[in-house]
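Notes to accompany the following structure.
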Amino acid sequence: MQTREPVTYLDNNATTACAPEVIEAMLPCFAGNYGNASSPHFLGRQAARAVASAREKVAECIGCSPPDVYFASCATEANNLVLLGVAHSQSVRRRVVVSAIEHKSVLGPCEALGAMGFDIVAVPVQSDGTINLAALRDAIDTQTLLVSIQGANNEVGTIQPVRAVADIAHEHGACVHCDAAQLLGKVPVSIDELGADFTTFSAHKAYGPKGVGILVERNRVKGVQIWPLQYGGGQENGLRPGTLNVPGIVGVGEAFRLCREHVYGDMVRTKSLRLQLENGILSVVPRARIVAHEASRLPGTVSILFPGVPADMLIARTPSICLSRGSACMSGTVAPSHVLLALGLSPDDARCVVRLSLGRYNTPGDVQAAFRCISNALEDSPEPESSQPLRQVTSVGFTEEPAP
Ligand code: PLP
């Protein structure tokens, strides 16, 4: 592997470093304890016990029972399994309702369902990124099978009122999926409090390994279930067959255990670092704007619009910081993010948004380094002639996180 200059990592919403404790827990599964969890012999039984223990740790962290927990290969797979699996399980209800700012791993299967004749309704969000509950009520009818709402947005960090959405959906007999990939490790998560029938997570967003997704099923709606999308050896109760990724699953167990232990401390630290970063940048670049600043946001996530400065240019000028742009590269062209457009930004402004996401291992030194680097990079960038006005940021500490 190539060695490179040290970097300041501020892209924790894309992926997190694997916690050292997670790596330590996984290592024996590659060397001595390499059995197949379905095998009847000693090594197999040892692997099965390790998987059972990981399932218990996941359940303990989020407040459900171990049999509610299924392992998949990533949150994308788990989201597909919920959306397509629920749709295939019945033929009566034909409408699926989502927020307009869902992740592509939800919007993609919705597109596929649309092509199969399902009626897909994308509910608009308000300028702070929260779903418009009045529009949601109007969108749900007696034909609605499933409502899918993310726990928090990966780009701007807005936390959604999942419980309120679930209550509205359940009133109409629809079931609810929550894509909670961005909640875990950043804020405490309780399956009961979310109130969703199906909740999905991604291990690599919460200091676990890449290659494991988690689906939690607590279905309250009769007549609806997830049908498997694959058939094989019957693992995971037949819902997601295939040889279990024992090292990854053991890593997930440890990652969830650590999230439970560290989440409150991580919240306080990342929020404090994020405020230092926001305030520092706003003090030297007053024309910068924080996207969705008035929302209840993830403690460590900030999306900043630097009017007239394309995100790609800023990223090229700050090679020692890992940050992300608010746009997706599709077929060689940079398309403005559907999330930013749904929040009311113009396509030009959406191309000038960068996302910085702090995590457990960031330090005040990282914030200083990022602040210096970004302000130097912006020093000689031109003032734009015009830019769509966003909400003016007037003070620090303007964001509110949900009570722990
Ligand atoms: N959902 C959200 C909100 C995400 O941010 C992501 C990843 O960026 C995913 C789902 C997909 O996660 P995975 O990489 O595990 O497929």
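Order of appearance sets the numbers: ligands from 1, and atoms from 1 within every ligand. All values derive from a computational prediction rather than experimental measurement.
- In this structure, the protein non-hydrogen atom closest to atom 7 (C) of ligand 1 is Lys205 NZ, 2.6 Å.
- Within the structure, ligand 1 lacks Glu102 among the residues with a heavy atom less than 4.0 angstrom away.
- The number of heavy atoms from other shown groups lying within 6.0 Å of CD (Glu60) is above 12.
- Where the criterion is an N or O separation shorter than 3.5 Å, residue side chain and backbone included, Gln150 fails it with respect to ligand 1.
- Atom OH of Tyr34 has 12 or fewer neighbouring heavy atoms from other residues, nucleotides or ligands inside a 6.0 Å radius.
- Nearest protein heavy-atom contact of atom 6 (C) of ligand 1 is His103 NE2, 3.3 Å.
- Contact annotation for Ala181 and ligand 1: only side-chain heavy atoms (C-beta onward) come within less than 4.0 Å of the ligand.
- Heavy atoms from other residues, nucleotides or ligands lying under 6.0 Å from CD of Glu261 number more than 12.
- Heavy atoms from both the backbone and the side chain of Ala75 come within less than 4.0 Å of ligand 1.
- Counting heavy-atom neighbours within 6.0 Å of Glu193 CD, excluding the residue itself, gives a total of 12 or less.
- Contact analysis leaves Gly213 out of contact with ligand 1, as no non-hydrogen atom separation drops below 4.0 angstrom.
- In this structure, atom 5 (O) of ligand 1 lies nearest to the protein heavy atom Gln182 NE2, 2.8 Å.
- Using a 4.0 Å cut-off between heavy atoms, Asp179 contacts ligand 1 through its side chain alone, with no backbone atom that close.
- The distance criterion of under 3.5 Å between nitrogen or oxygen atoms is not met by Asn79 with respect to ligand 1.
- When hydrogens are left out, the protein atom nearest atom 11 (C) of ligand 1 is Thr76 OG1, 3.5 Å; that is the closest non-hydrogen contact.
- Heavy atoms of His204 found under 4.0 angstrom from ligand 1 belong exclusively to the side chain.
- By the 3.5 Å distance cut-off applied to N or O atoms, Asn13 is not counted among the residues near ligand 1.
- In this structure, the side chain of Arg297 does not engage the main chain of Glu294 through any donor-acceptor pair within 3.5 Å.
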